[in-house]
Undergrad: 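After the structure tokens below, expect a handful of questions from me.
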Amino acid sequence: MPLRLFNTLTGQLDPLEPADGKALRMYACGPTVYDYGHIGNFRTFLQIDVLRRFLQLSGVALRHVMNITDVDDKIIRNAAQAGVSIGEYTARYEAAFFEDLDALRVQRPEQIARATEHIGQMVALIQKLAEAGAAYQAEDGSWYFRLRAFPEYGKLSKKDLSGMEDGARVDVDEYEKDSARDFALWKAPKPGETSWETAIGQGRPGWHIECSAMAMEYLGESLDLHAGGEDLMFPHHENEIAQSETVTHKPFARHWMHVRFLLVDGRKMSKSEGNFYTLRDLLLKGYKASAIRLALISVPYRHQLNFTFDGLVEATAAIDRLRTFHQRLTEGQFGPGATPAMQEAAHKAHADYLAALANDLNTAEARAPIFDLVRAANTAIDQGQFLAADRDAILAVLKDFDAVFDVIADNDAEPTRQALAWAEREGRMAEVAPELLAAQSISDEAIEALVAERTLAKRQRNFARADQIRNELAEKGVVIEDSKDGVRWKRK
RNA sequence: GGCGCGGUACCCAAGUGGUAAGGGAGAGGUCUGCAAAACCUUUAUGCGCCGGUUCGAUCCCGGCCCGCGCCUCCA
């Protein structure tokens with residue numbers, strides 16, 4: 001089923017398909033690596049991951065490029081303060097960024113493009129703009145895009161800038177510009193700042209030119225899709241369009257996807273509001289990576305998501321339900337054959353699930369048939385109306401669910417372990433939740449041994465000892481489940 | 001001021017012109033040595049307010065109230 005995805009440019013749901021019939025060429029704006037990523041950043045990357053994974057599930061090949069902005073004003077400032085080169089400074093946060101993506105099971109794009117490794121392409125693009133009369137150099141050596149050279153400016157964000165007079169806004173930019181709205185392509189260095197010596201002079205690239213140059217370098221002049229956070233629509237993406245289309249006279253991207261913001265307690269997340277969380281903050285509070293992933297993708301990308309800790313608790317419970325069910329299927333014994341009812345239920349759930357995702361990546365709607373199926377199957381199993389082929393059919397549905405959601409498979413131990421190791425290195429152990437430390441104090445092997453001892457004690461009807469062990473484990477966040485099929489345990 | 005989005009049960013959150021998915025929490029039950037867990041059942045005569053269109057609107061139109069985002073670096 002082809003994906004119908006909202007297109008900011010056209011304002012409607014458009015089918016998303018590769019123009020060349022082979023691979024979808026998509027560009028997504030990546031991070032500026034000047035600090036640790038926060039959960040708002042990751043909501044965007046997670047939603048783009050949902051897009052990627054659904055396309056792959058649909059059999060669409062991908063050529064996905066993501067930039068890393070590893071030079072900008074903040075980086076230069078922070079690196080100088082730290083007394084290191086910008087390369088040293090950014091390397092650390094870039095590594096942290098990828099660690100965080102891994103923790104959240106966000107797939108890597110096919111191509112990562114660092115700004116500092118594509119200075120030549122940016123300079124070439126600025127030269128072409130200058131030839132077209134759309135770029136000019138100011139007295140200090142900086143280059144600007146002449147907005148008047150691109151009459152369609154504003155077509156993405158639906159802004160009419162014709163009524164905006166120069167000087168109507170206070171422009172604090174200290175550089176010389178022809179028009180207040182003209183944006184920087186290339187910034188001349190102030191004394192001591194990192195810069196490159198190039199054909200257009202000494203300096204560093206502006207943020208917008210990066211994305212135009214790198215997108216076209218890897219994907220050609222006309223992309224199938226360009227994605228990013230909603231805040232980038234204006235001016236960043238508008239500027240990219242202006243720069244690119246002025247040179248190519250072709251649509252820069254046919255399809256634009258914008259992920260709406262994550263709010264915290266109903267407000268935009270910001271450090272000054274005190275509602276700012278990095279992924280690491282949440283992991284150290286004891287929340288599982290899978291719960292964070294599910295919470296951030298369960299509200300469809302086109303809606304604001306109000307992040308709360310209750311939401312994480314809820315996601316944790318939802319995942320537990322799915323994992324417990326999955327375990328019940330894989331470990332249970334079922335007779336040969338199939339029941340028409342379960343086969344039909346599995347088939348319907350699968351179809352509904354895919355249809356929901358194909359409908360503008362409606363993740364909330366996509367979850368529902370999966371949980372419906374869980375309930376139907378649990379009921380059937382309880383009633384003994386469930387056979388081996390039913391299990392296989394349902395496991396196939398869950399496999400496709402996890403192909404996109406990726407939360408049933410339990411990969412939570414490693415991110416938590418890494419976050420703790422990081423906290424240790426950074427001297428931030430004080431931020432670690434006590435329950436998390438308690439849980440870390442017991443190994444799987446030790447748990448297995450205690451569970452075995454408890455089972456033996458129960459068999460000998462030594463309930464006092466059995467309960468003692470149960471309590472001991474509970475204190476370390478380990479939950480024991482006695483069932484007909486045997487004893488299971490899990491970490492809470 | 002301009003542009004855009006949203007207000008659905010205790011909480012989160014889908015959705016449709018014909019009478020409300022799903023998750024969480026709560027309650028009841030099954031199971032259990034007990035408990036927990038697990039599992040099942042259950043929970044909105046109503047979808048911000050007021051009009052209109054319609055045989056019929058939560059869903060379409062108009063007005064109003066409230067909240068949020070963008071318009072500046074920002075995912």
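This one's a predicted model, so the numbers in the text were calculated from it and none came from an experiment.
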Undergrad: Once you round to the nearest 0.5 Å, how far does CD of A:Gln47 lie from CD1 of A:Ile297?
TA: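 If we round to the nearest 0.5 Å, A:Gln47:CD and A:Ile297:CD1 are 7.0 Å apart.
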Undergrad: Should A:His118 and A:Glu210 be marked as a side chain to side chain contact (heavy atoms under 4.5 Å, CB included) after you check the CA-CA gap, both sets of side-chain angles, and the distance that decides it?
TA: CA-CA 8 Å; A:His118 299 79; A:Glu210 268 181 38; over 6 Å; no
Undergrad: For the pair A:Ser244 and A:Ser212, evaluate side-chain hydrogen bond (donor to acceptor under 3.5 Å, both in side chains) and give the outcome as yes or no after the intermediate values.
TA: CA-CA 6 Å; A:Ser244 306; A:Ser212 285; 2.9 Å; yes
Undergrad: Using atom C1' in both nucleotides, what's the gap between B:A35 and B:U8 to the nearest angstrom?
TA: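 Taking atom C1' in both B:A35 and B:U8, they lie 38 Å apart.
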Undergrad: What's the closest nucleotide to the A:Arg267 side chain, out of B:C68, B:U72, B:A21?
TA: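 Comparing B:C68, B:U72, B:A21 against the side chain of A:Arg267, the answer is B:C68.
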Undergrad: Tell me whether the centres of the aromatic rings in A:Phe45 and A:Phe97 are closer together than 6.0 Å.
TA: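 Yes - the distance between ring centres of A:Phe45 and A:Phe97 falls below the 6.0 Å cut-off.
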Undergrad: Which nucleotide, B:C68, B:C39, B:A37, lies nearest any side-chain atom of A:Val479?
TA: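 The nucleotide sitting nearest to the side chain is B:A37.
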Undergrad: Describe the nucleic acid contact of A:Ala364 in one word from base, sugar-phosphate, nothing, applying a heavy-atom distance below 4.0 Å.
TA: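 Base: the residue A:Ala364, judged by heavy atoms under 4.0 Å, touches a nucleobase.
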Undergrad: Check every strand shown and say whether A:Asp73 touches a base, only sugar-phosphate, or nothing at a heavy-atom separation below 4.0 Å.
TA: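 Counting heavy atoms under 4.0 Å across all strands, no contact is made by A:Asp73.
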Undergrad: Answer with yes or no whether A:Arg321 presents, from its side chain, a donor or acceptor under 3.5 Å of a partner atom in the base of B:C39.
TA: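 In this structure, the two groups form no donor-acceptor pair.
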Undergrad: Please convert RNA chain B into dot-bracket. A pair counts if it is Watson-Crick or G-U wobble with both distances under 3.5 Å; crossing pairs go in [ ] and bases paired with another strand get |.
TA: (((((((..(((.....[...))).(((((.......))))).....(((((..]....))))))))))))....
Undergrad: Side chain of A:Asp467, heavy atoms from C-beta onward: which of B:C40, B:C34, B:A38 has the nearest atom to it?
TA: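 So the nucleotide nearest the side chain must be B:C34.
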Undergrad: Could you state the atom-to-atom distance from CZ of A:Phe405 to P of B:G23 in whole Å?
TA: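 Distance check: A:Phe405 CZ to B:G23 P gives 14 Å.
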Undergrad: Do A:Asp14 and A:Gln12 have side-chain N/O donor and acceptor atoms under 3.5 Å apart?
TA: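 There is such a pair between these side chains.
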Undergrad: Of A:Cys29 and A:Thr379, whose closest RNA chain B nucleotide lies nearer the 5' terminus?
TA: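 Looking at RNA chain B, the more 5' nearest nucleotide goes with A:Thr379.
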Undergrad: Using atom P of each nucleotide, how far apart are B:G23 and B:A14 to the nearest Å?
TA: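 It comes out at 15 Å once rounded to the nearest Å.
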Undergrad: Mind calculating the distance between CD (A:Gln327) and C1' (B:A37) to the nearest angstrom?
TA: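 Whole-Å distance recorded here is 12 Å.
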Undergrad: Tell me yes or no: between the side chains of A:His38 and A:Asn41, is some donor less than 3.5 Å from an acceptor?
TA: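 Judged by distance alone, the side chains do pair up.
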Undergrad: Could you work out the separation of B:U30 and B:G67 based on their C1' atoms and round it to a whole Å?
TA: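 Looking at atom C1' only, B:U30 and B:G67 are 44 Å apart.
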Undergrad: Between the base of B:A35 and the side chain of A:Arg470, is one N or O donor paired with an acceptor at under 3.5 angstrom?
TA: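 Yes, the side chain and the base share a sub-3.5 Å donor-acceptor pair.
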Undergrad: Tell me which nucleotide among B:G23, B:A75, B:U72 gets nearest to the side chain of A:Thr32.
TA: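 Nucleotide nearest to A:Thr32's side chain: B:A75.
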Undergrad: Of all the choices, B:G2, B:C68, B:G23, which nucleotide is nearest to the side chain of A:Arg375 once you look at every atom?
TA: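 Ranking B:G2, B:C68, B:G23 by closest atom to the A:Arg375 side chain puts B:G23 first.
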Undergrad: Considering only the P atoms, how many Å lie between B:G22 and B:C31, rounded to the nearest integer?
TA: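 So the two P atoms sit 26 Å from each other.
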Undergrad: Could you check, using the six-membered ring where one of them is a Trp, whether A:His226 and A:His237 have ring centers closer than 6.0 angstrom?
TA: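 For A:His226 and A:His237, the ring centres are under 6.0 Å apart.
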Undergrad: Could you pull out the closest heavy-atom pair between A:Asn411 and A:Arg323, with the gap in Å?
TA: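 Nearest pair, atom of A:Asn411 first, then A:Arg323: N-NH2, 4.4 Å.
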Undergrad: For A:Gly37, answer base if it contacts any base atom (sugar-phosphate contacts may also be present), sugar-phosphate if it contacts only those atoms, and nothing otherwise; contact means non-hydrogen atoms under 4.0 Å.
TA: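 No contact.
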Undergrad: Quick check for you: among B:G33, B:G23, B:A37, whose closest atom lies nearest to any side-chain atom of A:Glu481?
TA: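 The nucleotide sitting nearest to the side chain is B:A37.
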Undergrad: Find the distance between CG (A:Leu46) and CD1 (A:Ile292) and round it off to the nearest 0.5 Å.
TA: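 One finds 9.5 Å between CG of A:Leu46 and CD1 of A:Ile292.
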Undergrad: For the C1' atoms, the ones on B:G18 and on B:G26, what distance do you get once it is rounded to whole angstrom?
TA: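 Roughly 32 Å separates the two C1' atoms.
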Undergrad: Distance check needed: B:U72 P versus A:His236 NE2, whole Å only.
TA: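 Spelled out: NE2 on A:His236 to P on B:U72 is 15 Å.
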Undergrad: Quiz question: going by heavy-atom distance under 3.5 Å, is there a donor-acceptor pair between the base of B:C68 and the side chain of A:Lys268?
TA: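 Under the 3.5 Å cut-off, the side chain and the base do not form any donor-acceptor pair.
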Undergrad: Please determine whether a side-chain nitrogen or oxygen atom of A:Arg488 lies at a distance below 4.0 Å from atom OP1 or OP2 of B:C39.
TA: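 It does not, given that no N or O in the side chain of A:Arg488 lies less than 4.0 Å from OP1 or OP2 of B:C39.
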Undergrad: Examine A:Tyr27 together with A:Tyr218 and report whether their ring centres are nearer than 6.0 Å.
TA: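 When the ring centroids of A:Tyr27 and A:Tyr218 are compared, they turn out to be at least 6.0 Å apart.
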Undergrad: Give the minimum heavy-atom separation between A:Val65 and A:Ala113, together with the two atoms involved.
TA: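 It is CG1-CB, 4.3 Å.
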Undergrad: Considering heavy-atom distances to RNA chain B, does A:Ile480 or A:Lys158 have its closest nucleotide positioned more toward the 5' end?
TA: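 Closest to the 5' end, via its nearest nucleotide, is A:Lys158.
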Undergrad: Can you tell me how far P of B:A21 sits from CD of A:Glu365, to the nearest Å?
TA: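 Atom CD in A:Glu365 sits about 13 Å away from atom P in B:A21.
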Undergrad: Using the P atom as the reference point in each nucleotide, state the distance between B:G15 and B:A57 in Å, no decimals.
TA: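 Taking atom P in both B:G15 and B:A57, they lie 22 Å apart.
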Undergrad: Where do A:Val33 and A:Tyr93 come nearest, in terms of heavy atoms and distance?
TA: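 Looking at all heavy atoms of both residues, the closest pair is O-CB, 3.7 Å.
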Undergrad: Look at all strands and tell whether A:Arg43 reaches a base, only sugar-phosphate, or nothing, counting heavy atoms closer than 4.0 Å.
TA: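 No contact.
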Undergrad: In whole Å, what separates the P atom of B:G17 from that of B:G6?
TA: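 Comparing P positions in B:G17 and B:G6 gives a spacing of 16 Å.
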Undergrad: For the base of B:G33 and the side-chain ring of A:Phe463, does the geometry meet a stacking cutoff of under 5.5 Å between centres and under 30° between planes?
TA: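 Yes; centroid distance and tilt both under limits.
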Undergrad: Ignoring the backbone of A:Pro300, work out which of B:C34, B:A14, B:G23 is nearest its side chain.
TA: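 Looking only at side-chain atoms, A:Pro300 lies closest to B:A14.
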Undergrad: When the C1' atoms of B:U43 and B:G24 are considered, how many whole Å apart are they?
TA: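 Nearest-Å result for B:U43 against B:G24 at atom C1': 13 Å.
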Undergrad: What's touching nucleotides 4-12 of chain B from the protein side, N or O pairs under 3.5 Å?
TA:
residue, atom, partner, partner atom, Å
B:C5, O2', A:Arg260, NH1, 2.8

Undergrad: Between B:C73, B:A35, B:G69, which nucleotide gets closest to the side-chain atoms of A:Glu230?
TA: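 In terms of side-chain proximity for A:Glu230, the closest of B:C73, B:A35, B:G69 is B:G69.
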Undergrad: Within 45° of the axis and under 6.0 Å from the centre of the six-membered ring of A:Phe234, does NZ or CZ of A:Lys159 qualify?
TA: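 That pair qualifies as a cation-pi contact.
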Undergrad: Within this structure, what is the CZ-to-P distance between A:Phe276 and B:C74, rounded to whole angstrom?
TA: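 To the nearest whole Å, that distance equals 14 Å.
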Undergrad: By nearest atom, which of the nucleotides B:C40, B:C73, B:C68 is closest to the A:Asn378 side chain?
TA: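 Looking only at side-chain atoms, A:Asn378 lies closest to B:C40.
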Undergrad: At 4.0 Å (heavy atoms only), tell me whether A:Leu262 reaches a base, stays on the sugar-phosphate, or touches nothing.
TA: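 Base, at least one base heavy atom under 4.0 Å.
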Undergrad: Within this structure, what is the CG-to-P distance between A:Leu156 and B:C70, rounded to whole angstrom?
TA: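 Atom-to-atom, A:Leu156 to B:C70, this comes out as 16 Å.
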Undergrad: Report the distance from atom CG of A:Asp360 to atom C1' of B:G15, rounded to the nearest whole Å.
TA: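 Between C1' of B:G15 and CG of A:Asp360: 14 Å.
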Undergrad: Can you tell me the distance, in whole Å, between the CD1 atom of A:Ile370 and the C1' atom of B:A14?
TA: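 After rounding, the gap between these two atoms is 15 Å.
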